[in-house]
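Notes follow once the structure below has been shown.
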Amino acid sequence: MSNAVPPPESPRFRFAPSPTGFFHVGGARTALYNWALARHLGGRFVLRVEDTDEARNRPEWTQGILDALAWIGISPDDPTFEGPYFQSANAAEHVAAAERLYEAGLAYYCDLTGEQVQERAKASGTPGYDGYSRDRGLEPGPGRVLRFRVPDGAVIVNDAVRGRVEFDSANIEDFVLLRGNGTPMFLLANVVDDLSMRITHVVRAEEHLPNTPKQQLLWEALGARPPQWAHVPVLVNEQRKKLSKRRDKVALEQYRADGIVADAMVNYLMTLGWAPAGDTEIVPWERIQAEFRLEDVNHSPAFFDVKKLLAFNGEYLRMRSVDEFIAESDAWLPPEWDRATYAQVAELVQTRVPTLADVAPMVDFLFLDQPEIDEAAWTKAMKPEWARPLLIDVLDAFGQLAERGEWNAGVLKTTLEGIGTTYEVKPGKAQAGLRVAITGRSVGPPLYEPIELLGADESLRRIRAALERPEPS
RNA sequence: GCCCCCAUCGUCUAGUGGCCUAGGACACCACCCUUUCAAGGUGGCGGCACGGGUUCGAAUCCCGUUGGGGGUGCCA
């Protein structure tokens, strides 16, 4: 973590999450955008935890943010990283700025309660605060909020992704700076912090765009030049609504726990609203960092498609060497399973799993005393009239192989195929019963390597056990 | 309601006035490979929301319509 002050000309980006107990994938994308830019431009990525709402303030949640960021490659050990800072620590500064505004006549106190503001709005038919106390010259006092005196005219926001956006200040109400209890509001705190941290680029989600004219006005009132704004489209669900904690799976931690790997997640997130040049979207972070530009970010909301995430994940898993795959999947296996055995089938698993969480269920039969036989699978495999006699022949033939000490995948395979031929059954059908007997399921990795690994005794025992099952009625 | 943003295959996108007969990826379908399932290979389906302009020429520029989204707190 490096908090030394960089040269003033270098760009300073910031990521300002509020702790909520989990890390939103949309937040992850925003953080990644900021990170890519900061690193590419040789600037700083400032992390500021916006913890001013007491309801959203638990120390362990900050650690969650740090962990999540580190997982996607945004590490405090990197010199680009600065922070974390805590907004709550700057409260005095926020209040001081507000008082400066008041003294300069750019803000005024108002004694209306929230309900009263609403009543007046309802009565007049115009929504929002009507500027009731603008010229009443109220002094500060308990219960009185400090409101910003929004100047007349247009506010032009220059946005790196959207271009020029114009707001008429007639539509911007005199918003609250300080609550009745004297504590600062988000808009104020956010601006004062960005200002004092000398932030040059504010890259955040589109939901903040309506706030921007207010914040820009604050920057100017505080005597500073506003930063470069950039509002990136929100992430939406299948119903095209903003991803929400209630309805949707939005926690980065959850995807991680479900076996999504970080590089796949990062790559996928970066392609939501943006695409690298060329014919493939699967590109290493180095290229993303080199190519990413705010000007190229799409303007419309992007659907967070788990199916495509899974496709990316599978692709990334397959890009790994077998050894890497083995090491990475280790944590998803019960500790008592024999790693040497697993290592021998890992390669067969690697091309078959979309996530790391899918590994264990695919190889469990190698480690369980008696894998549970899937009833439907067994019934289906035993349906043809040749199925049972064929499996009995397999049992005999395999038994002989075992006696001759010829227990290896190659021989097992040709033996099975030979028996299939005598029944005029293709290998695919011939192996069905054997597969269920050994693995308990109708689908799985290639069969003969595992059977070799399992050993003759156990394999033959499983075939006998299956054969002894009651006939399906 | 008001303010703001947006609009290319089902989805994510390329495209910045002629290179577009609109390209890629995911999904889907077919075939090949194959001991199941995957993976891989080949091929296919499928889109510029609509209406007006501007221009020799428009997915690209302008206007309108429609349709989505976001915001509208003494939350952040």
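To find a chain, count down the sequence lines: A is the first, B the second, and so on, and within it residues start at 1.
- Summarising the geometry, the separation between CZ on A/F15 and C1' on B/A76 is reported as 12 Å, rounded to the nearest angstrom.
- Using a 4.0 Å heavy-atom cutoff across all strands shown, A/A432 reaches no nucleic acid atom at all.
- Ranked by how close their nearest RNA chain B nucleotide is to the 5' end, A/L178 and A/D305 are led by A/D305.
- In this structure, B/G1 and B/U72 make a Watson-Crick or G-U wobble pair, each of the two defining distances being under 3.5 angstrom.
- Taking atom CG of A/L187 as the reference point, atom C1' of B/G71 lies 12 Å away to the nearest angstrom.
- The backbone N or O of A/E324 sits less than 3.5 Å from a side-chain atom of A/S321, completing a donor-acceptor pair.
- Taking side-chain N and O atoms only, A/K241 has no distance below 4.0 Å to OP1 or OP2 of B/G68.
- A/E417 contributes no side-chain N or O that, together with a main-chain N or O of A/P427, makes up a donor-acceptor pair within less than 3.5 Å.
- The P atoms of B/G57 and B/U65 are separated by 26 Å, rounded to the nearest whole Å.
- Within 6.0 Å of CG in A/D152 there are 12 or fewer heavy atoms belonging to other residues, nucleotides or ligands.
- The base-pairing partner of B/A7, taking Watson-Crick or G-U wobble contacts with both distances under 3.5 Å, is B/U66.
- Spacing of C1' atoms, B/G43 relative to B/C48, comes out at 25 Å, to the nearest Å.
- Here A/H208 lies in heavy-atom contact (under 4.0 Å) with a base.
- No donor-acceptor pair closer than 3.5 Å links the side chain of A/T183 to the backbone N or O of A/R179.
- In this structure, of B/A76, B/C74, B/C12, it is B/C74 that holds the atom nearest to the side chain of A/V176.
- Distance check on atom P: B/U60 versus B/A22 gives 15 Å, rounded to whole Å.
- A cation-pi contact links A/K249 to A/Y255, judged by a cut-off of 6.0 Å to the six-membered ring centre and 45° from its axis.
- Across all strands shown, B/U55 has no partner, as no Watson-Crick or G-U wobble contact with both distances under 3.5 Å is found.
- Between A/E207 atom CD and B/G73 atom P the separation is 15 Å, expressed in whole Å.
- With respect to A/K241 and A/D248, no salt bridge is recorded, no charged nitrogen being found less than 4.0 Å from a carboxylate O.
- Salt bridge present: A/E166 and A/R164 bring a charged side-chain N and a carboxylate O closer than 4.0 Å.
- Spacing between B/C29 and B/U16 at atom C1', rounded to whole Å, works out to 35 Å.
- Projected onto RNA chain B by closest heavy-atom contact, A/T271 and A/G180 fall at different nucleotides, the more 5' of which corresponds to A/T271.
- For the OP1/OP2 pair of B/A76 and a distance below 4.0 Å, the side-chain nitrogens and oxygens of A/T52 include at least one atom meeting the criterion.
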Atom pairs under 3.5 Å, N or O on each side, protein against nucleotides 1-8 of chain B: can you list them with distances?
residue: B/C5; atom: O2'; partner: A/R162; partner atom: NH1; Å: 2.3
residue: B/C5; atom: O2'; partner: A/E206; partner atom: OE2; Å: 3.2
residue: B/C6; atom: OP1; partner: A/H299; partner atom: ND1; Å: 3.4

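- Using a 4.0 Å heavy-atom distance criterion, A/L112 is classed as a base contact.
- For A/K308 against B/C12, a side-chain N or O and a base N or O form a donor-acceptor pair under 3.5 Å.
- Across all strands, A/G273 comes closer than 4.0 Å only to sugar-phosphate atoms, never to a base (heavy-atom distances).
- With B/A76, B/A27, B/G68 as the choices, the nucleotide that has an atom nearest any side-chain atom of A/A311 turns out to be B/A27.
- In this structure, A/D279 places its CG atom 9 Å from C1' of B/A14, rounding to the nearest Å.
- In this structure, the NZ atom of A/K214 is 13 Å from the P atom of B/G71, given to the nearest Å.
- A gap of 4 Å separates the C1' atoms of B/C9 and B/G47, to the nearest Å.
- As judged by a 4.0 angstrom heavy-atom cut-off over every strand, A/E281 is placed among the base-contacting residues.
- Between the CZ atom of A/F303 and the P atom of B/C26 there is a distance of 16 Å, given to the nearest Å.
- When both pairing distances are held under 3.5 Å, B/C28 makes a Watson-Crick or G-U pair with B/G44.
- B/G1 and B/G10: their C1' atoms are spaced 34 Å apart (whole Å).
- Panel note: side chain A/T271, backbone A/Y268; a donor-acceptor pair is recorded below 3.5 Å.
- Between the side chain of A/E173 and the main chain of A/Y129, a donor-acceptor pair closer than 3.5 Å is present.
- Within the shown strands, nothing qualifies as a pairing partner of B/C20 under the Watson-Crick or G-U definition with both distances less than 3.5 Å.
- Of the candidates A/D194, A/L187, A/D193, A/N190 forms a side-chain contact (heavy atoms from CB on, under 4.5 Å) with just one, namely A/D194.
- Between the side chain of A/D374 and the backbone N or O of A/G440 there is no donor-acceptor pair closer than 3.5 Å.
- A donor-acceptor pair is defined here as one N or O able to donate and one able to accept, closer than 3.5 Å; no such pair exists between the side chain of A/R14 and the backbone of A/V202.
- Ring centers of A/Y109 and A/Y102: under 6.0 Å apart, within the cut-off.
- For the C1' atoms, the distance from B/A39 to B/C20 is 34 Å, rounded to whole Å.
- The C1' atoms of B/G46 and B/U13 are separated by 15 Å, rounded to the nearest whole Å.
- At the heavy-atom level, A/T183 lies nowhere under 4.0 Å from the strands shown.
- Among the protein residues, A/Q87 comes within range of the sugar-phosphate backbone only, with heavy atoms under 4.0 Å from sugar or phosphate atoms but none that close to a base.
- The nearest whole Å value for the distance from the CG atom in A/L272 to the P atom in B/A25 is 18 Å.
- Listed pair A/R204 / B/A76 fails the phosphate criterion, with no side-chain N or O lying under 4.0 Å from OP1 or OP2.
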Next item on the list: Let me have a per-nucleotide readout for nucleotides 30-50 of chain B, 5' to 3', with B, S or -, counting only protein heavy atoms under 4.0 Å.
Entry: -----BBBBSS----------

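- Taking atom CG on A/N267 and atom C1' on B/G24, their separation rounds to 14 Å, with Å as the unit.
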